[in-house]
Novice: 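Below are the structure tokens for one structure; questions will follow.
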Amino acid sequence: MVRQPLTPEQVEAGRRLGVVLRRARAGRDLAAVAHAAGISPETLRKIETGRLPSPGFGTVVCLGEALGVPIEELAATWRGNGGLPLEAVS
């Protein structure tokens with residue numbers, strides 16, 4: 001199966017998601033949060049910086065649980081309804 005390239009809107013959504021996750025992690029150790037979510041620290045780093053703009057659903061769910069962020073909030077962020085200004089992504 002060939003994966004279609006992400007649209008600019010999907011890339012932007014991934015950046016917003018990364019910003020929200022990075023803010024939720026705040027002062028917590030990246031490796032500890034990644035471990036709690038069952039992913040590698042490098043994967044979390046890529047998600048937070050927007051280099052992995054389309055993480056798997058299970059990954060997002062596990063990160064939400066590890067960070068105490070409801071999946072509904074993460075979904076709203078992805079859709080652009082999370083109230084995060086675009087400038088915060090840059």
Side-chain angles (χ1 to χ4, degrees):
M1 170 186 246
V2 176
R3 184 174 180 173
Q4 295 294 320
L6 297 175
T7 66
E9 293 80 16
Q10 290 169 319
V11 172
E12 181 181 312
R15 288 183 184 145
R16 284 192 306 269
L17 181 65
V19 168
V20 167
L21 292 171
R22 186 171 51 249
R23 286 182 180 169
R25 184 169 61 82
R28 289 183 266 185
D29 180 64
L30 184 134
V33 171
H35 178 72
I39 61 173
S40 72
E42 184 59 22
T43 297
L44 179 53
R45 189 174 294 109
K46 286 179 181 178
I47 293 169
E48 286 186 351
T49 59
R51 292 188 348 243
L52 182 58
S54 184
F57 178 73
T59 298
V60 175
V61 169
C62 290
L63 281 169
E65 289 174 346
L67 294 167
V69 179
I71 191 70
E72 294 85 0
E73 182 177 328
L74 298 175
T77 297
W78 179 265
R79 288 190 305 269
N81 302 333
L84 182 67
L86 185 56
E87 305 83 58
V89 175
S90 304

Novice: Rounded to the nearest 0.5 Å, how far apart are CG of Leu44 and CZ of Arg22?
Specialist: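 One gets 10.0 Å once the value is rounded to the nearest 0.5 Å.
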
Novice: Can you give me the closest heavy-atom contact between Leu63 and Ala37, atom names plus distance?
Specialist: CD2-CB, 3.7 Å

Novice: For Ile39, is there any backbone N or O sitting under 3.5 Å from a side-chain donor or acceptor partner on Thr43?
Specialist: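 The answer is no, because no donor-acceptor pair under 3.5 Å joins these two groups.
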
Novice: Find out if a path of hydrophobic residues (ILVMFWY) with successive side-chain heavy-atom gaps under 4.5 Å connects Val61 to Ile47.
Specialist: yes

Novice: Among the clusters formed by ILVMFWY side chains lying less than 4.5 Å apart, do Leu52 and Leu6 turn up in the same one?
Specialist: no

Novice: Between Glu65 and Ile71, does a side-chain contact (heavy atoms from CB on, under 4.5 Å) hold up when you go through it step by step?
Specialist: CA-CA 8 Å; Glu65 289 174 346; Ile71 191 70; over 6 Å; no

Novice: Hey, any chance Phe57 and Val11 share a hydrophobic cluster, counting ILVMFWY side chains that come within less than 4.5 Å of each other, even indirectly?
Specialist: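 In one cluster: no.
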
Novice: Under a 4.0 Å threshold between the charged nitrogen and the carboxylate oxygen, would Arg51 count as salt-bridged to Glu42?
Specialist: yes

Novice: Within the distance-only criterion (no hydrogens, no angle test), does the side chain of Glu48 pair as donor or acceptor with the backbone N or O of Arg45 below 3.5 angstrom?
Specialist: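 A pair under 3.5 Å: no.
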
Novice: Can you name the nearest heavy-atom pair linking Ala13 to Trp78, along with the distance?
Specialist: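 Shortest heavy-atom separation between Ala13 and Trp78 comes out as CB-O, 3.3 Å.
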
Novice: Find the distance between CD (Glu73) and CG (Leu17) and round it off to the nearest 0.5 Å.
Specialist: 10.5 Å

Novice: Just verifying a value: how many Å separate Glu72 CD and Asn81 CG, rounded to the nearest 0.5 Å?
Specialist: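 With rounding to 0.5 Å, CD (Glu72) is 13.5 Å from CG (Asn81).
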
Novice: If you compare all heavy atoms of Arg28 against all heavy atoms of Leu67, which two are closest, and at what distance to 0.1 Å?
Specialist: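 Minimum heavy-atom separation between Arg28 and Leu67: NH2-O, 3.5 Å.
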
Novice: Should Leu30 and Leu21 be counted in the same cluster of Ile, Leu, Val, Met, Phe, Trp and Tyr side chains packed under 4.5 Å apart?
Specialist: yes

Novice: Below 4.0 angstrom, N of the basic side chain to O of the carboxylate: do Arg15 and Glu12 qualify?
Specialist: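 Not counted as a salt bridge, because no side-chain N and carboxylate O are separated by less than 4.0 Å.
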
